[in-house]
There are 2 protein chains.
Amino acid sequence: MTGSTRKPREGTSRQTGAPTISDVARLAGVSPMTVSRVINAERNVRNSTRDAVKAAIDQLNFAPNRAARSLAGASQLRLGLLYSNPSAAYLSEFLVGSLDQAGRSDVQLVVEKCELGDHEREVVERMISSGIDGVILPPPLCDSRAVLDILIGASVPTVVVATGCPPPQCAAISIDDRGAAQAMVRHLIGLGHVRIGFIAGNPNLTASGRRLEGYRAALAEAGRAFDEQLVADGLFTYRSGLDAADELLELENPPSAIFASNDDMAAATVAVAHRRGLDVPGDLTVCGFDDSALATTIWPELTTIHQPIADMSRAAVEMLVGMLRGKRGEAVIRHMTLDYTLIRRQSDAAPRQRPPVRI
Amino acid sequence: MTGSTRKPREGTSRQTGAPTISDVARLAGVSPMTVSRVINAERNVRNSTRDAVKAAIDQLNFAPNRAARSLAGASQLRLGLLYSNPSAAYLSEFLVGSLDQAGRSDVQLVVEKCELGDHEREVVERMISSGIDGVILPPPLCDSRAVLDILIGASVPTVVVATGCPPPQCAAISIDDRGAAQAMVRHLIGLGHVRIGFIAGNPNLTASGRRLEGYRAALAEAGRAFDEQLVADGLFTYRSGLDAADELLELENPPSAIFASNDDMAAATVAVAHRRGLDVPGDLTVCGFDDSALATTIWPELTTIHQPIADMSRAAVEMLVGMLRGKRGEAVIRHMTLDYTLIRRQSDAAPRQRPPVRI
DNA sequence: GAAATTAATGATAGCGATACCAAAAATGTC
DNA sequence: GACATTTTTGGTATCGCTATCATTAATTTC
């Protein structure tokens, strides 16, 4: 209402000028505590008192100080974000999203590196004992049995991101890996490719299996037979991609398109093709998955599947906060699936009329 | 280090478990006030003290409580991080470092893309008028005259990272690009290489010039003549590296080693070598610069110069915070040079007795 | 080398709210 | 009406951090 001239408090130079709960109390002739009760809609306040306080609040145009509130009351949540060594590009996007959301939700994010190996136990336990409220696990940690077991054992609320097979005790954010792979293969079939090679990912990561399923599904729905020979094993590393691509191109009847389970292996495939004198995409179509930085670094730029990484990490933070701040009762474990996008760049094309001549 | 059992404080049930400034103080053997000073990058703290406190902060994984902080009076700083399109790997590391430090210093980092071109003015001005307190410029923006002029004109405290030639009005973090390049070429000479090719970087970036200087200096100190032909132009992109490498390997008398000004171009050089049937490092030694993720992604892994990118961005945030929060009037503009490391991997070797036969 | 100056640290007192418990007031019971 | 209960209300102690000033240590000055 009225501007109500508040006389500037003398003394320290720190006052902000905004009315405080004490100002309200003085005006209403009650104690600050009572004002707090009114603000928080607690029951045990007589109506007459409540009305007086409310009047004072209106008159001063008082609004509680959020900082003071969270300091005194509910403690600030701290979420742990453990990462191993995903592609650096993945991590940075992931961080941007999660930090952004952490700011919005007013929670603190503790980011820590956790190499897979002997130290993982130590790192995770230190994080737990340092009083973290919940943990977010991006790949590849989201599929680490060891890490998951420690967290689940300690009943730490956890959100796994981009795993193909989330443990029942964890919340999960993911994309439809299977569907995405299927879409890519459909695309290749649509382009006219008949023999389509596939480079599988690290079998320890559940997403690998999902992507392979998608490949098979697309073949099946097009009435194509599944040819064991056209699937090579990979580990998601560039180096493994080199071997896998060699294996596929060495075949009697090599594929005219190769779909690698991630961009690193797709890049390796491009390198192998070039070494063999094959033009990409003229002689060989190569597609990746992830839309990592590498996809646009190399030449030709890769046609690949884009994951909304930042959105996924944002969602992970939000979900975790929901689980932690959510009232008492049922910790509704939720799963969430975000949309992927097929990005066409320069590494795919229709196959030549005749299969390229092997040199 | 050790897990340091933090004893649960007794008393009220309100404690959160998160380490506080007092925990850090106790561990470091100083007063809480001193810890506060370190966090806020204030000046009057002895280096030894600062280091001890930082160690304690790391050990406890401490991050200040925002609520308490804003209650106590400190306003939250907002720093702008403008980026254009450096190598994606570079950016991600840069982000990891700066976001981490931003969390520790409790400043908000506003990350925004600023493509070089017509819009730069718009983007920068928008950022300024949105009330940003300071700006961090990683390459290549750190060398953009246009962007710098706007910022300097508006007297926005700015830290440039990894430029070869920082404007006097800005603080700067860098490594010794010239010395690093010189060290690498010295290494190649030591290996026995005589004809050493060099792929220059984008001429708009001052660091490019520094690296070329280092190349020439190493040659000069070894009493080798400088051969114009052995220097090819590049732009720091993979694609430009493809062309540059082709140019060098096309020479009548091609080099037995190629030193590219960054890893992307070195990776491209490896690809070209392979396409030409050259073994790396058997027939051709290839070295890069930056130690980006790409260096260890491809095969063979690149011998390169490691820049502590994350540390540099961390330092940039810290320095900016110091300039902004530091007491004592005059903003002492500082420059800081961090150490580089020559990392030997699998892409370098002594030259063959005779130059490889061209196919 | 003692005094004057400056830098580095520590001690104390809040910031604006809530938690917890004790005191006071209102209500109910016989 | 005296006593047990239940509601309201107030007092006090934090929450985690920083402002401010006092104190101590390190430098400089003459």
Side-chain angles (χ1 to χ4, degrees), chain A residues 6 9-26 28-53 57 60 62-78 106 108 131, chain B residues 9-26 28-53 57 60 62-77 104-107 321 325-329 332:
Chain A
R6 300 179 50 258
R9 282 162 282 180
E10 45 248 282
T12 75
S13 60
R14 290 163 73 184
Q15 80 264 9
T16 65
T20 76
I21 201 173
S22 298
D23 295 327
V24 176
R26 206 172 312 125
V30 299
S31 79
M33 205 48 235
T34 300
V35 176
S36 172
R37 291 197 176 93
V38 172
I39 298 170
N40 293 296
E42 288 180 28
R43 267 163 274 137
N44 300 334
V45 179
R46 198 176 310 159
N47 284 335
S48 57
T49 312
R50 186 190 312 278
D51 291 344
V53 172
I57 288 178
L60 294 179
F62 164 87
N65 178 317
R66 285 189 65 179
R69 217 168 186 184
S70 68
L71 215 207
S75 60
Q76 194 189 26
L77 288 180
R78 300 196 329 141
D106 196 38
Q108 185 183 320
Chain B
R9 282 161 282 182
E10 46 245 279
T12 76
S13 60
R14 291 161 74 186
Q15 82 263 9
T16 68
T20 75
I21 203 173
S22 300
D23 294 323
V24 176
R26 206 172 312 126
V30 299
S31 78
M33 203 49 232
T34 301
V35 176
S36 171
R37 291 195 176 98
V38 172
I39 297 170
N40 292 300
E42 287 178 28
R43 298 211 188 77
N44 301 332
V45 179
R46 198 174 307 158
N47 283 336
S48 57
T49 311
R50 185 190 311 278
D51 291 344
V53 172
I57 288 177
L60 293 179
F62 165 85
N65 179 315
R66 294 175 70 179
R69 195 159 213 196
S70 65
L71 219 205
S75 62
Q76 201 189 22
L77 290 178
R104 292 193 194 287
S105 299
D106 192 39
V107 297
V321 170
R325 286 218 252 252
K327 305 298 148 101
R328 274 323 131 96
V332 181

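The figures here come from the full heavy-atom set of this structure, side chains too, leaving out hydrogens, waters and symmetry mates. Here is the naming used below: chain letters follow the sequence lines, and residue numbers restart at 1 for every chain.
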Exercise for review: Take atom CG of A:L71 and atom P of C:dT18, then tell me their distance rounded to the nearest Å.
Suggested key: 12 Å
Review point. Expressed in angstrom and rounded to an integer, what is the separation of A:L60 atom CG from C:dG16 atom C1'?
Key: 15 Å
Point to revise | Whether A:D51 side chain and A:S48 backbone form a donor-acceptor pair below 3.5 Å | key: no
Exercise for review: Could you work out which one of D:dA19, C:dC15, C:dC20 sits closest to the side chain of B:A72?
Suggested key: C:dC15
Review point. Tell me: CD of B:E42 to P of C:dT9, nearest whole Å?
Key: 12 Å
Review point. Does any N or O in the side chain of B:R104 come within less than 3.5 Å of the main-chain N or O of B:A63, such that one atom is a donor and the other an acceptor?
Key: no
Check your understanding: D:dG16 P sits how many Å from B:I57 CD1, rounded?
Key -> 16 Å
Point to revise | Sub-4.5 Å side-chain heavy-atom contact between A:N47 and A:R50 | key: yes
Check your understanding: Where is the tightest heavy-atom contact between B:P32 and B:I21, given as atom of each residue plus distance?
Key -> O-CD1, 3.7 Å
Practice item. Tell me yes or no: between the side chains of B:R69 and B:N40, is some donor less than 3.5 Å from an acceptor? Key: yes
Check your understanding: Tell me: CG of B:N65 to P of C:dC15, nearest whole Å?
Key -> 18 Å
**Study point:** Distance test, side-chain N/O of A:S36 to OP1/OP2 of C:dT18, below 4.0 Å
**Key:** yes
Atom pairs, protein N/O to nucleotides 4-9 of chain D N/O, distance under 3.5 Å:
unit_1	atom_1	unit_2	atom_2	d
D:dT8	OP2	A:N44	OD1	3.0
D:dT9	OP1	A:T49	OG1	2.4
D:dT9	OP2	A:R46	N	2.9

Check your understanding: Looking at five pairs on each end of the helix from C:dG1-D:dC30 to C:dC30-D:dG1, what is the angle between the two axes, given to 10 degrees?
Key -> 30°
Study note, to complete from the structure: With the side chain defined as heavy atoms from C-beta on, A:M33 is closest, among D:dC17, D:dG11, D:dA19, to D:dG11
**Study point:** Validation row: B:D106, B:I39 side chains within 4.5 angstrom (heavy atoms)
**Key:** no
Review point. So which nucleotide from D:dG16, C:dT18, C:dA17 ends up closest to the side chain of A:F62?
Key: C:dA17
Check your understanding: Quick one: B:N40 CG to D:dC17 P, roughly how many Å, whole number?
Key -> 11 Å
**Study point:** Separation of D:dT14 P from A:I21 CD1 (nearest whole Å)
**Key:** 19 Å
Point to revise | Given DNA chain C, 5'-ward residue of the pair B:G29 and A:V35, judged by closest heavy atom | key: B:G29
Check your understanding: What do the steps show when you test A:R26 against A:D23 for side-chain contact (heavy atoms from CB on, under 4.5 Å), and what is the final call?
Key -> CA-CA 5 Å; A:R26 206 172 312 125; A:D23 295 327; 3.5 Å; yes
Revision key, fill the gap. Of D:dG16, D:dT18, D:dG11, the nucleotide closest to the side chain of B:T20 is D:dG16
Check your understanding: Okay, side chain of B:R37, backbone of B:E42: is any donor-acceptor separation there less than 3.5 Å?
Key -> no
Check your understanding: Is the phosphate of D:dT18, meaning OP1 or OP2, less than 4.0 Å from a side-chain N or O of B:R69?
Key -> yes
Review point. What is the distance from CG of A:D23 to P of C:dA17, rounded to the nearest Å?
Key: 9 Å
Check your understanding: Are the side chain of B:S105 and the backbone N or O of B:V107 linked by a donor-acceptor pair below 3.5 Å?
Key -> no
Check your understanding: Any idea which heavy atoms bring B:T49 and B:T34 closest together, and the distance?
Key -> CG2-CG2, 3.8 Å
